[in-house]
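Contents: one structure, followed by commentary.
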Amino acid sequence: MELKKLKKLIRYDNIGLLFVLPAFIYMLIFVGYPIMDNIILSFQDVTTTTLTAAHKPFAGLDNYIQIFNDSVFIKALFNTLLFTVSCLVIQFIIGFALAVFFNQNFRIAKPVRGLLMMPWMIPITVTALMFKFVFGTDVGIFNYALRSLGLITRNIDWLTSAGTAMIAIIVTNVWIGIPFNMILISTGLTTISQELYEAASIDGANKVQSFFRITLPLLRPAIESVLILGFIYTFKVFDLVYVMTGGGPVNSTHMLSTYSYKLSFEMFKYSKGSAVANVLLVILLIVGFFYLKSTSSDEEA
């Protein structure tokens, strides 16, 4: 009887489930359990004094009420949205332009496009340290270049001034994100048949008309993927901000992720830190849901 059940389990149409099982178990242990534990933690009152207690105090929604009345949390939420939207817009425009340019047939297009992928391949921590030097006040390359061009007369405190620190990390993240946008849009461009452009040319369409009537509509799935995935990757930024500014100066560059880290591991308010992390999780889940919905609707169309 057991042998029959085993044979039924490993039938050809069920064999795929066995291949998925190891990944499912891994995700359940290393992703599912921490998420559930973090959600439970956010409804408790856990600090250094109650961390090892057998029964941790129940706080209900108090942690969420407190963070939404916290000016630093509101600032971090605004910063995260500002950072994400600014990076998405700038890196998408530049990445789109580069993708269209390198989609042309000229000799060095492919090698140069490959070299432009390097910023995306370098570890983010390394990039953050590099740009921390670039935006340095006294020995920074950026200040030196601006002074050489006569655009400034004294060095700008890029990373230690509340008015410029956000600009510095946005520029750094844009530098990282441009190759990601370029390569995905380039992939979308390669799927568009040249016969469509030839037919449009015969009908009297110029390049601008072909771009808006053929290129953009057929690139819609790729553009949606770039924007939504870019939003997810950018919204959860942590290491870049933590290395470059640490959320400062005066909380001016705190993101939801860095503020959650500060609450949990610097102020030892573990439950509040978990609540902030859960707000970040919910926002990303909503965006991910719309991404899955848009991709499924595109497949059906």
Side-chain angles (χ1 to χ4, degrees), residues 16-70 72-81 83-85 87-88 123-125 173 177 180 224-225 227-243 246-247 254-296:
L17 296 175
L18 295 177
F19 285 107
V20 172
L21 188 60
F24 175 76
I25 294 173
Y26 175 86
M27 293 293 290
L28 195 64
I29 295 173
F30 293 101
V31 178
Y33 170 73
I35 289 175
M36 291 304 301
D37 190 60
N38 193 69
I39 292 172
I40 294 170
L41 183 62
S42 68
F43 291 104
Q44 298 172 335
D45 183 17
V46 180
T47 60
T48 51
T49 57
T50 58
L51 182 62
T52 57
H55 300 285
K56 297 176 176 62
F58 181 72
L61 295 174
D62 286 350
N63 291 314
Y64 291 94
I65 294 171
Q66 288 179 30
I67 64 170
F68 276 101
N69 287 312
D70 183 358
V72 181
F73 170 80
I74 301 300
K75 178 69 174 177
L77 180 60
F78 173 78
N79 284 343
T80 308
L81 291 171
F83 175 79
T84 302
V85 173
C87 290
L88 276 183
I124 294 179
T125 305
N173 195 73
F180 174 78
E224 288 178 350
S225 298
L227 292 177
I228 297 176
L229 290 176
F231 183 93
I232 293 171
Y233 295 152
T234 308
F235 198 82
K236 64 181 183 64
V237 64
F238 172 77
D239 36 12
L240 178 70
V241 179
Y242 185 77
V243 171
H254 258 313
M255 308 293 167
L256 289 177
S257 57
T258 57
Y259 189 50
S260 174
Y261 179 89
K262 180 179 180 179
L263 285 171
S264 299
F265 302 108
E266 293 180 10
M267 301 175 67
F268 305 110
K269 297 177 180 179
Y270 302 110
S271 294
K272 286 185 180 179
S274 297
V276 174
N278 287 333
V279 172
L280 175 63
L281 175 66
V282 169
I283 294 173
L284 292 180
L285 283 176
I286 293 171
V287 176
F289 171 76
F290 282 108
Y291 172 67
L292 293 175
K293 189 174 180 180
S294 65
T295 53
S296 62

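- Using a 4.5 Å heavy-atom threshold, the side chains of Leu281 and Asn38 count as separate.
- When the ring-ring contact (aromatic ring centres under 6.0 Å, His included) test is applied to Tyr259, the partners found at least two apart in sequence or on another chain are His254.
- Listed by first and then second residue, the ring-ring contact (aromatic ring centres under 6.0 Å, His included) pairs that reach into residues 20-43 are Tyr26-Phe30, Phe43-Tyr64, sequence neighbours excluded.
- For Val31, the side-chain contact (heavy atoms from CB on, under 4.5 Å) partners at least two apart in sequence or on another chain are Met27, Ile35.
- Residues satisfying the side-chain contact (heavy atoms from CB on, under 4.5 Å) test with Met36, not counting sequence neighbours, are Ile39.
- Side chains of Leu229 and Phe180 form a contact here, defined as non-hydrogen atoms less than 4.5 Å apart.
- To the nearest 0.5 Å, the span separating CD1 on Ile232 from CG on Leu227 amounts to 11.5 Å.
- Across Asn63 and Ala275, no two heavy atoms sit closer than the pair CB-CB, 4.1 Å.
- To the nearest 0.5 Å, the span separating CG on Leu256 from NZ on Lys75 amounts to 13.0 Å.
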*From CA spacing to verdict: side-chain contact (heavy atoms from CB on, under 4.5 Å), Asp70, Val276*: CA-CA 11 Å; Asp70 183 358; Val276 174; over 6 Å; no
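- Residues passing the ring-ring contact (aromatic ring centres under 6.0 Å, His included) test with Phe231, sequence neighbours excluded: Phe235.
- Atom CG of residue Leu280 and atom CG of residue Leu285 lie 9.5 Å apart, to the nearest 0.5 angstrom.
- The ring-ring contact (aromatic ring centres under 6.0 Å, His included) test applied to Phe268 returns no partner, not counting sequence neighbours.
- Using modelled atom types and a 3.5 Å distance limit, the side chains of Ser271 and Asp45 yield no donor-acceptor pair.
- To the nearest 0.5 Å, the span separating OG on Ser42 from CG on Asp62 amounts to 11.5 Å.
- With a 4.5 Å cut-off on side-chain heavy atoms, Ile286 and Phe290 count as touching.
- In Phe238, the CZ atom is crowded: over 12 heavy atoms of neighbouring residues, nucleotides or ligands sit closer than 6.0 Å.
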